[in-house]
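Every chain is numbered from 1 and lettered A, B, ... according to where its sequence line falls, protein lines coming before strand lines. Side chains included, hydrogens not; waters and symmetry mates left out as well; all remaining heavy atoms used.
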2 protein chains.
Amino acid sequence: MNVRNLSERQKAILDFFGDFLDEHGYPPTVRDIQHGCDISSTSVVSYNIEALKKEGLIRKDDGISRGLGLVNRRTPRREPDTVAVPLVGSIAAGEPFPLPNDEPWSGVAGIDTVDLPQSVIPSGEGVYALKVKGESMIDALIADGDLVIMQQTDSVHNGQTAAVRILPDEETTLKKFYAEGAMVRLQPENSQMDPIRLPAHNVKVLSRVVAVWRLRV
Amino acid sequence: MNVRNLSERQKAILDFFGDFLDEHGYPPTVRDIQHGCDISSTSVVSYNIEALKKEGLIRKDDGISRGLGLVNRRTPRREPDTVAVPLVGSIAAGEPFPLPNDEPWSGVAGIDTVDLPQSVIPSGEGVYALKVKGESMIDALIADGDLVIMQQTDSVHNGQTAAVRILPDEETTLKKFYAEGAMVRLQPENSQMDPIRLPAHNVKVLSRVVAVWRLRV
DNA sequence: TAAGTTCCCGAACATTAGTGCTGACAAGCG
DNA sequence: CGCTTGTCAGCACTAATGTTCGGGAACTTA
């Protein structure tokens, strides 16, 4: 697997292989490589292909034409490694904020999206972003302009910050969630504001905060 | 170019083509398509390939084996849409932290990396991440465990948070930067700590904070 | 009905392209 | 010097693979 072990000819073959693949969209034949690398015999190419295969640098399907492949090359249609998360709106202190409906987002025009690495958004399903307005969440170390990334869920643990819908008046808000017996305490992220206590059946958990993203600090 | 014009067989061929390409890394032969799509003759495949070629959906190099290609498929070697940023270490209050050397990172084993969407890291060059330990940056709304994303630079504006090297003792630290004439004031992000004033020529700006990333809030 | 079009089938044909064999040359080694 | 190993050349063989051709079924149109 050490590149230094390769002969000049083998390096040339690897280079040519990559270029050929980019240019044509399919792998070269033994004879393509032969002419591309100024080799006088197909057997020489065959010999060096075998060596590269042993090094683990080339994959080969015996017997089928152009059955070669570079092992380090990415799959053409690999999964995107970033997820476009809809930026559904902004949230200010206590104010209700728009919620995504149940339709798939599918890049609908008119909706901003935020690219997030897939590694932090396991499924990508039910994830959306909100932009924070003002100092309403200052106690959670969330500043004006930050993006909070929300994951839809039915339940959260005590102390987690969640978007909840308060049923009587259908208000939606972002608060710290504490279950206290049959009651629920909703703690604002700003000490200037008082907590709210409600019967548990009047509070519906919609989503929880999974990440905060701040740019241009 | 209208997909609705395609026969069921032609759609099947396109689907199979894409799957085959993903699986093998090279295009299918006429006979691969024949068996993959339950077609009884190679000539039928040839016929439909010709039709798809006229529709502009398939590219074909006559006479060479597996000389087919999907025209809408991205180039195999496209740019990744996420950037792997090295996580070079952690930063605590006032303590020096390790700095990346000048070598390219190139996925060296033993160094953690963080995937960031390329849209927020324009170049990807000179970007690295630090993990915050403790409450040392609490006043900047940066909590324990947060990742701060740094961009290497020579100069910053007043008020920006920057990594600076203090020359006399080669200490490296993260502070808010204020130029005040020939002097520089370095303001800790924790009000428990006092600002430092130094001659400008003793302070070397290394990088500035461009983003903060908090997970599992 | 007859002609034209589209699509399909089976088979034969021709080229492309992988593989194996023999031999050659140079370098290292006991 | 003889032996082995690694690398290269030339050539032939054969499997893999693209192409073509005659024909037929279903459908449309004059």
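The stretch residues 37-44 of chain B comes close to DNA chain C through B/Ile39, B/Ser40, B/Ser41, B/Thr42, B/Ser43, B/Val44, each having a heavy atom under 4.0 Å from the strand. Residues from residues 26-36 of chain B placing a heavy atom under 4.0 Å of any atom in DNA chain D, listed by number, are B/Thr29, B/Val30, B/Arg31. Non-hydrogen atoms lying under 4.0 Å from DNA chain D are contributed by A/Tyr47, A/Asn48, all within residues 45-53 of chain A.
Here the side chains of A/Val44 and A/Arg9 are in contact, with some heavy-atom distance below 4.5 Å. Inter-residue side-chain proximity for A/Asn48 and A/Ile33 is flagged as unmet; no heavy-atom pair is nearer than 4.5 Å. Taking the side chain as every heavy atom from C-beta outward, B/Phe177 and B/Thr161 never approach each other to under 4.5 Å. With a 4.5 Å cut-off on side-chain heavy atoms, B/Leu70 and B/Ile58 count as touching. For the pair A/Asp61/B/Tyr26, a side-chain contact is recorded, criterion being any heavy-atom separation below 4.5 Å from C-beta on.
Nearest heavy atom pair, residue A/Met150 against residue A/Val209, reads SD-CG2, 3.5 Å.
For residues 24-33 of chain A, the salt bridge (Lys or Arg N to Asp or Glu O under 4.0 Å) pairs, not counting sequence neighbours, are A/Asp32-A/Arg66.
The line from CD1 of B/Ile49 to CZ of B/Arg59 is 11.5 Å long, rounded to the nearest 0.5 Å. A distance of 13.0 Å separates CZ in A/Arg208 from CG in A/Leu174, rounded to the nearest 0.5 Å.
Taking the 5' to 3' direction, DNA chain C first and last meets chain A under 4.0 angstrom from a heavy atom at C/dA17 to C/dC21. Scanning DNA chain D 5' to 3' for nucleotides with an atom closer than 4.0 angstrom to a non-hydrogen atom of chain A gives a first and last hit of D/dG6 to D/dT17.
Annotation: side-chain contact (heavy atoms from CB on, under 4.5 Å) contacts of B/Ser43 (sequence neighbours excluded): B/Ser41. For B/Asn202, there are no side chain to side chain donor-acceptor pair (under 3.5 Å) partners at least two apart in sequence or on another chain. Contacts of A/Ala200 classified as side-chain contact (heavy atoms from CB on, under 4.5 Å), with partners at least two apart in sequence or in another chain: A/Val184. Residues meeting the side chain to side chain donor-acceptor pair (under 3.5 Å) test with B/Gln187, sequence neighbours left out: B/Arg185. A search for side-chain contact (heavy atoms from CB on, under 4.5 Å) contacts involving A/Ala51 returns A/Gln10, not counting sequence neighbours. Checked against side-chain contact (heavy atoms from CB on, under 4.5 Å), A/Lys53 has the following partners two or more places apart in sequence or in another chain: A/Glu50, A/Lys60, A/Asp62.
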